[in-house]
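Lettering of chains follows the sequences in order, A, B, ..., and the numbering in each one begins at 1. Note that this is a predicted model, so its numbers are computed, not measured.
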Amino acid sequence: MSDDADIINIDTDVLVIGAGAAGMYAAIEAARGGAKVMLADRILIGRGGATVMAQMTVAAALGEEVPDDPQAHYDNTIAAGRGLCDEALSRLLCEDAPDCIRELDRWGVGWARKDGHITATTAPGHDRPRCVYVDFINTGPAVSKTLRAEIARHQKNIRKAGDLCIVDLAVRDGGCAGAVAYHLPTGAPVLIAAKATVLATGGLTRLYRRNSASTNMGGDGYALALRAGASLIDMEFVQFFPIGHLAPRLIGMDPIMWDPFRYKLGGRLLNGHMEEFTSAYGSDEDGKYVLTRDLATYAILKEAEAGRGSPHGGAYLSFQHCSPAALRAAFGPVIDRLAANGIDLTKMPVEVAPIAHYHMGGVHAGADMAAAGVPGLFVAGEVVGGANGANRLSGNALTEAFVFGRRAGRSAGAFVKQTPRRELGPQDTGAPLALLRADPAGRASANMAALIARLQATMADNVGPLRTEARLRQAMADVAAIAAEAGVRPPGRPGAFDLERLDWFDLRNMLLVARAVAEAAFNRAESRGAHQREDFPHLESRWQRRQTLRWRDGALQISGAPAPLEPAVT
Amino acid sequence: MSAVVRLKIWRGTARDGGHWDTHDVPFESGQSVLDGLRWLRINRDPSLAVRYSCINANACKECMIQVDGETVYACTARLEPREMTLTPLPNKKLVRDLVTEIAPPSERFK
């Protein structure tokens, strides 16, 4: 039998990898421009990633709640980014946001309204009510559903491919020519020839033990881009959401769900002695929700470290000052879901703690969303690095998914018009195909699910919000040890829904991205935004610059660090 | 000895050729069936196939299985300190173990 008999060959104009809001918007926009699109995801289409989990708000200067201007949104975004925003990307984000919000409104997303206009709330770091949402804490599901329906209207031009695991991008002459994948339910290899490829795979929060991520958020896009020759920037800046649910055990709800509660009701953040404490860290909340994420994360972790944490090592969040009627008015049926978990907010506080939530870093790209250095490769949403600098402003994540997704789809659609069709050859696909056909005799003895758990543990313990040189060294050693145990070939042979193989391919990407984060964090000898070094506690002006990572000849290269300080003259 | 859940799980790739695996999982009040399955894959048997994505939010709706003959989401069904029987959805095409073909036809890769 020919070695190639089992291969499925696909030909498309645009391949979009990842079917959250960024990928779906990119697919719609490319299809509107006339391109044939394949929309692929490692899980189901439009149901995974971060979008469907987003229970909070979307920032856009609509000016309906109060007068507003994209310039003001931009100013707030730049301030939150602690000096590192890519200003062209931040500007695009803020300027295109209102148009995307209105387009989604026309598509029927159902933004919450008051007196006939789209209402908005003030998220921390914004100077006015600017953040729109869908009640009750339903923003993400409503956005996903709306985009899925819009995609269905373009079904002639958009082919959907769920359960497709992308192994590597196919690179020819330095450009992206598609991808090599395998079909999870059958194990069959799939070669996708594409004139343009959009990476919209979301962030890397699955690298951490406690996260608010779907299983497809292991940093796939960063790893795929890196191996294809693209550059990553700002990889040390991982955003932790300060008040992720910690205790009591709460099922059926995303752990970031306390954010909308705080928008609407304020709420009090308290230490283990039931005292307010954020003022000791330079920020007095006074029952309002104003503290940016990096500062709140720092305050909660430091308070717990000082022995004043809640029983499970976080902080208390209390709404006991709110009446049952006020809670019911703000959150309706959500109150019943809490009751089913034994939580009555009028009688008890809950425990919260920082949880890995979002990645500021990502692929280096221009305002046309073209990945620098790899023609034919475009990026969208959280895969894009730079728009949010060292700390993302609340509400900008879905905004960048919409804005960058739409822009990437437009650019990819234009790119295919000037690009001839190319067939993939063995030179473009040989290495990933060899991985897919790994010899079963080489089956690893390691438990890949356990190795993923170990990686998540060391990332949480050593590359979390508070970092030191010693911890980062430990993480880099652990990552190398886990990589050695995982081996260079996947376990098993192609078969139906083999999770051990999927775990190996996930781990391959997660380990590379973990290295990128840890090594960039190790280099950055200062504290800025989401990157807090306890051994370098101050912001250093010489570090107001970004680091760039590349993968060359099997090695990770980092550039951009400032020149070493001159030793003092004695 | 602390409380355990005994998970009796159907395994296989063909309806008429399967077998049962039984594992004891530590019981912790409030945990979901999916918590138990994830613990099992990490600590006992990584070859178990189960489909899930969002883990806890009940947003992706991928983790539908049957527990004691009743269709549930594994992420919102609670573990209980007794024997619980887990089987794939009976009315969907079987893929492997607890995984069935649940995607709408238009979203499947063909």
Side-chain angles (χ1 to χ4, degrees), chain A residues 8 10 19 39-49 52-53 55 140-141 144 148 152 155 159-164 181 183-186 190 211-216 245 248-257 341-342 446-450 452-453 491-492 495-500 503, chain B residues 11-14 27-64 72-79 88 92-110:
Chain A
I8 299 167
I10 305 283
L39 176 61
D41 202 305
R42 178 188 154 307
I43 56 176
L44 301 183
I45 297 297
R47 290 170 170 81
V52 76
M53 323 265 285
Q55 297 179 337
S144 291
R148 283 204 306 269
Q155 59 184 348
R159 173 179 182 177
K160 289 174 276 191
D163 285 333
L164 200 61
H183 184 222
L184 194 50
T186 60
V190 181
N211 63 61
S212 57
S214 298
T215 51
N216 61 351
H245 184 82
R249 184 76 178 97
L250 170 61
I251 62 175
M253 300 193 70
D254 189 69
I256 56 172
M257 45 89 56
N341 280 277
N447 175 339
M448 298 302 157
I452 289 175
F497 220 95
D498 186 336
L499 272 197
E500 287 183 278
D503 282 343
Chain B
R11 305 289 305 269
T13 53
F27 172 72
E28 203 176 306
S29 183
Q31 288 207 311
S32 68
V33 169
L34 183 59
D35 289 336
L37 291 170
R38 291 170 61 225
W39 185 92
L40 218 161
R41 290 198 68 245
I42 292 169
N43 294 284
R44 294 288 181 272
D45 185 357
S47 73
L48 173 67
V50 53
R51 178 195 275 282
Y52 66 94
S53 173
C54 77
I55 301 177
N56 197 68
N58 194 222
C60 70
K61 313 292 184 187
E62 287 203 30
C63 63
M64 275 187 289
V72 297
Y73 295 112
C75 76
T76 54
R78 304 266 186 184
L79 284 180
K92 302 282 183 187
K93 181 173 172 270
L94 178 72
V95 180
R96 176 192 290 261
D97 299 347
L98 298 177
V99 178
T100 51
E101 183 56 87
I102 59 165
S106 74
E107 297 181 6
R108 291 177 205 160
F109 175 75
K110 292 181 288 287

Under 4.5 Å from any heavy atom of chain B, what part of [X] do you find: side chain, backbone, both or neither?
X	value
A/Arg148	side chain
A/Ala453	side chain
A/Ile8	side chain
A/Ile10	side chain

Query raised in the report: Given A/Ile251 and B/Asn56, is the side-chain contact (heavy atoms from CB on, under 4.5 Å) satisfied, shown in steps?
Result: CA-CA 6 Å; A/Ile251 62 175; B/Asn56 197 68; 4.0 Å; yes
[X] and [Y]: which non-hydrogen atoms are nearest, and at how many Å?
X	Y	value
A/Leu499	B/Leu48	CD1-O, 3.7 Å
B/Val95	A/Ala496	O-CB, 3.8 Å
A/Asn447	B/Pro46	OD1-CB, 3.2 Å

Query raised in the report: So B/Arg108 and A/Leu164, side-chain contact (heavy atoms from CB on, under 4.5 Å) or not? Walk me through it.
Result: CA-CA 9 Å; B/Arg108 291 177 205 160; A/Leu164 200 61; over 6 Å; no
Interatomic spacing from [atom1] in [X] to [atom2] in [Y] - rounded to 0.5 Å:
X	Y	atom1	atom2	result
B/Ser53	A/Arg42	OG	CZ	7.5 Å
A/Met53	B/Cys54	CE	SG	5.0 Å
A/Ile45	B/Phe109	CD1	CZ	11.0 Å
B/Leu94	A/Phe497	CG	CZ	11.5 Å
A/Leu44	B/Lys61	CG	NZ	13.0 Å
A/Asn341	B/Thr76	CG	OG1	10.0 Å

Query raised in the report: Does the salt bridge (charged side-chain N to carboxylate O under 4.0 Å, His left out) test come out yes or no for A/Asp503 and B/Arg41, once each step is laid out?
Result: CA-CA 11 Å; A/Asp503 282 343; B/Arg41 290 198 68 245; 2.7 Å; yes
Query raised in the report: Highest number of heavy-atom pairs under 4.5 Å with chain B: which of A/Ser214, A/Ala19, A/Ala40, A/Ser144?
Result: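 It is A/Ser214.
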Query raised in the report: Do you know which of A/Asp254, A/Leu184, A/Asn216, A/Leu39 has the most heavy-atom pairs with chain B at a distance under 4.5 angstrom?
Result: A/Asp254
Report task. State plainly whether the residues A/Arg249 and B/Glu28 are in salt-bridge range, i.e. N to O under 4.0 Å. Result ->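 Answer for the salt bridge query: no.
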